[in-house]
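What's counted below: heavy atoms across the whole structure, side chains too, no hydrogens, waters or symmetry copies. We name chains A, B, ... by the order of the sequence lines, and we start the count at 1 in each one.
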4 protein chains.
Amino acid sequence: MSVSLIAARIDVPQDARQVRSRKALCGALLDLLQETAFDQITIREISTRAGTGYATFFRHYPTKEALLGDVAAEEICTLMTMTATMMSGPDRFGSILDLCNYVDAHRKLWSALLTGGAASIVRDEMLLQTSQLGDERLCPVWLPPELAHRVGVSSAIDVLVWWLEQKEHYSPDQVAIILDRLVIDPIVDKLVAVPGPASG
Amino acid sequence: MSVSLIAARIDVPQDARQVRSRKALCGALLDLLQETAFDQITIREISTRAGTGYATFFRHYPTKEALLGDVAAEEICTLMTMTATMMSGPDRFGSILDLCNYVDAHRKLWSALLTGGAASIVRDEMLLQTSQLGDERLCPVWLPPELAHRVGVSSAIDVLVWWLEQKEHYSPDQVAIILDRLVIDPIVDKLVAVPGPASG
Amino acid sequence: MSVSLIAARIDVPQDARQVRSRKALCGALLDLLQETAFDQITIREISTRAGTGYATFFRHYPTKEALLGDVAAEEICTLMTMTATMMSGPDRFGSILDLCNYVDAHRKLWSALLTGGAASIVRDEMLLQTSQLGDERLCPVWLPPELAHRVGVSSAIDVLVWWLEQKEHYSPDQVAIILDRLVIDPIVDKLVAVPGPASG
Amino acid sequence: MSVSLIAARIDVPQDARQVRSRKALCGALLDLLQETAFDQITIREISTRAGTGYATFFRHYPTKEALLGDVAAEEICTLMTMTATMMSGPDRFGSILDLCNYVDAHRKLWSALLTGGAASIVRDEMLLQTSQLGDERLCPVWLPPELAHRVGVSSAIDVLVWWLEQKEHYSPDQVAIILDRLVIDPIVDKLVAVPGPASG
DNA sequence: CTCTAATCGAGACGGTACGTCGCGTCTTACG
DNA sequence: CGTAAGACGCGACGTACCGTCTCGATTAGAG
């Protein structure tokens, strides 16, 4: 399942130079995101930090946002493979806990990705990557699955953002509980859903 | 209650000319939002549309966002007075239904306010205006009230955005049910709170 | 006659700031022309030297060439008023001598204007400013006046360029003789032309 | 005489492929000059049109101008061999007429070469190729031979450019007369030189 | 009903980032 | 193992918008 997510990333270049440039740009962006909000980052800064020419940026990405999309896709992909089955699997809560632990272990990265104007792009990317994950049969009848998907992802991100912004430290376990009860639970129709092996 | 919300708006000008200019600017922005996304709107466009000088804009608002904040505050204020008590009152579901009906009656306005880069500002303004509304005792123990507030407002906006984007028409009643069950319910501690008409 | 030349310069701005910027730009270009060939000069250099913003350049001139045209027009205008009647007047040779003396007194300026890719623009400007000066009746029948005009101006410039490039110093008198015999003489039909007061 | 002109062209390559590439590049440039001004032509365009690699261009010519120089040299060489003795020979006017007829027969080529920013390079090339042609003794004493050479070539080109730009067709004979009287005559010292058919 | 000061329109200005283009070099990948 | 294809660093271009500023001209509201 998660393999298909990786495969979704298209047009990986062949030329060694292109690979190098692209990697440098991604790295530079991740680097800069640790220091500055995404909005404030300039394409020129990215190029400079990457040690690449300014015009070269545009040979790879049409806009700053596209680069962020690429970076985000990769990180989210990692995140998803880490957390395996989120909603439907046999160990739902374990998955959520994995996710929280992973985010906790990379607080800085995810703070950067989810703050400073980047959030909406990351959210869209996450929506994309999770679009095949859900099982429609889990939704209550009054709740359109697409809406459930959107609100679920958004709320989860909201919770994570809130967590990452907190001064006093909440443990991953606490946040996992919150996510489970506040985000997942309302979406899943416990009474109706077939408890059998979901996602075919 | 809603009076205090209005009172929060500061520094309403005295001079008749200032009032006129400010009103013209607000109107111009609302006008333009019907045609273009907020990001794409230029201060120069706003000034021109308002029939006011370019510099005059800055005599009233430091940034484009500030103007949007002003406009949004007013609209949200109207929305709040329309929907009276949202979560805690005796007729919770009625309030939500009022809200949906009001938004439905002004689809274009709220589409403009909630799409095209403006959403986050509107969300912040709504967070501000609803910050005194909630009753902390309603929250379950595992859920920090501040987080509940944030996720609640964000989710509600998500639902509305989804609704406004839909091609096929969902009725206000349907959306009210969704809001009630998907957004409000999970936040409110069902054991303590007075049982509303929802949750089945 | 020369008054009309001055009048030809259009759209002199009213705003004091515009006048100042424009003057600064012209001055900067003249300045830089002393050091570098016109081709090598960058609009950014001009702006910087003028102490003006980069974008401001384009508020006054669409291209580098346009600025040069403006500068050249002014200098040529001065040159023309200095040398009064060139071809037809009662003291033809005196005029030519005046011109040579004037150029000699401003060798650096005219070297800059006539070398380094600028020559063709200066030539065009000079063609423009002298277009009303000639008396068609002075041309021999086998020589189209327009051609005479072009070749005359071009040749004169060629002579001046050659002069300005010379290491050993030719006196203005010598050059005046050359101009008179090599450039003017072949154009003027001595046998046919009425020696009376030309240009009506 | 004209042989020595050809000999001036250096480093004709041995490798057959190099010859082919070089010829292709020259052809491509001539081709493009029919459609676009020289300034506007890109090295990439030339390479593409020539069916050769972009980098290949630089293996043969350091700049676009160098290629034009090469092309121009060849064409001028042909022109010169066509018109044999220009100024001094026994049949001066015949030579000039030959030249005019040849240019007339290749209007498009020479229009391309003499317009669109290419003129100065062609002029320089022509100056180079004619530098050994003149007979210094023909010049009047007040006229430095080098200056005579320059002004002569420049004026001749001016006349040709004017001719090629004309809408209404002047005959080669007419232009030959103009060249003879306007360009050659003033340079040649009439007292010493053999009186040609012109000047009357 | 005037006088005065605040506010207005208009728009030029210095700045900064953008995205495009062409150059000339230099590295690939392929035949 | 050489050669075409083309990615790259560089740097100028011209555009757009920002927020500041300097001007009169207008006009509201205090005296």
Touch class at under 4.0 angstrom, heavy-atom based, for C:Gly51 against every strand present: sugar-phosphate

Contact letters for nucleotides 23-31 of chain F, in which S counts primed atoms plus P, OP1 and OP2 and B counts the base, heavy atoms under 4.0 Å: ----BSS--

Within this structure, what is the [atom1]-to-[atom2] distance between [X] and [N], rounded to whole angstrom?
X       : N      : atom1 : atom2 : result
D:Phe38 : E:dG22 : CZ    : P     : 15 Å
B:Ile46 : F:dC17 : CD1   : P     : 12 Å
B:Ile43 : E:dA10 : CD1   : P     : 17 Å
D:Phe58 : F:dT3  : CZ    : C1'   : 16 Å
B:Arg22 : E:dT7  : CZ    : C1'   : 13 Å
B:Phe57 : F:dC18 : CZ    : C1'   : 11 Å
A:Asp39 : F:dC17 : CG    : P     : 18 Å
D:Leu25 : F:dA4  : CG    : P     : 11 Å

Given DNA chain E, 5'-ward residue of the pair D:Arg44 and B:Ala55, judged by closest heavy atom: B:Ala55

Which residue lies more 5' along DNA chain E, comparing D:Pro62 with B:Ala50 via nearest heavy atoms: B:Ala50

Main-chain N/O of C:Thr52 paired with C:Thr56 side-chain donor or acceptor, under 3.5 Å: no

Donor-acceptor contact below 3.5 Å, side chain A:Gln129 vs main chain A:Ala73: yes

Polar pair under 3.5 Å, donor/acceptor by atom type, side chain C:Tyr54, base E:dG14: no

Return a table of donor-acceptor pairs under 3.5 angstrom between the side chains of residues 114-123 of chain C and protein atoms on other chains or two or more places apart.
from: C:Thr115; atom 1: OG1; to: C:Ser111; atom 2: O; distance (Å): 2.5
from: C:Arg123; atom 1: NH1; to: C:Ser154; atom 2: OG; distance (Å): 3.0

Lys/Arg cation over aromatic C:Phe57: C:Arg44, 6.0 Å, 45° cone: no

Taking only the side-chain nitrogens and oxygens of [X], find out if one of them lies under 4.0 Å from OP1 or OP2 of [N].
X       : N      : value
A:Thr52 : F:dG9  : yes
B:Thr42 : F:dC17 : yes
B:Ser21 : E:dT7  : no
B:Thr63 : F:dG19 : no
C:Thr56 : E:dC13 : no
D:His60 : E:dG24 : no

Comparing A:Gly53 and C:Ile41 on DNA chain F - which has the more 5′ nearest nucleotide: A:Gly53

Selection from E:dT7, F:dA12, E:dC13 that lies nearest to any side-chain heavy atom of B:Gln18: E:dT7

Parallel, tilted or perpendicular: ring planes of D:Tyr54 versus D:Phe58, cut at 30 and 60 degrees: perpendicular

Flag side-chain contact, heavy atom, 4.5 Å: A:Thr42 against A:Ile46: no

Residue pairs, two or more places apart or on separate chains, that pass side chain to side chain donor-acceptor pair (under 3.5 Å) and touch residues 24-40 of chain C: C:Asp31-C:Arg49, C:Glu35-C:Arg49

Trace of the side chain to side chain contact (heavy atoms under 4.5 Å, CB included) decision for C:Phe38 with C:Leu29: CA-CA 9 Å; C:Phe38 178 70; C:Leu29 177 55; 4.3 Å; yes

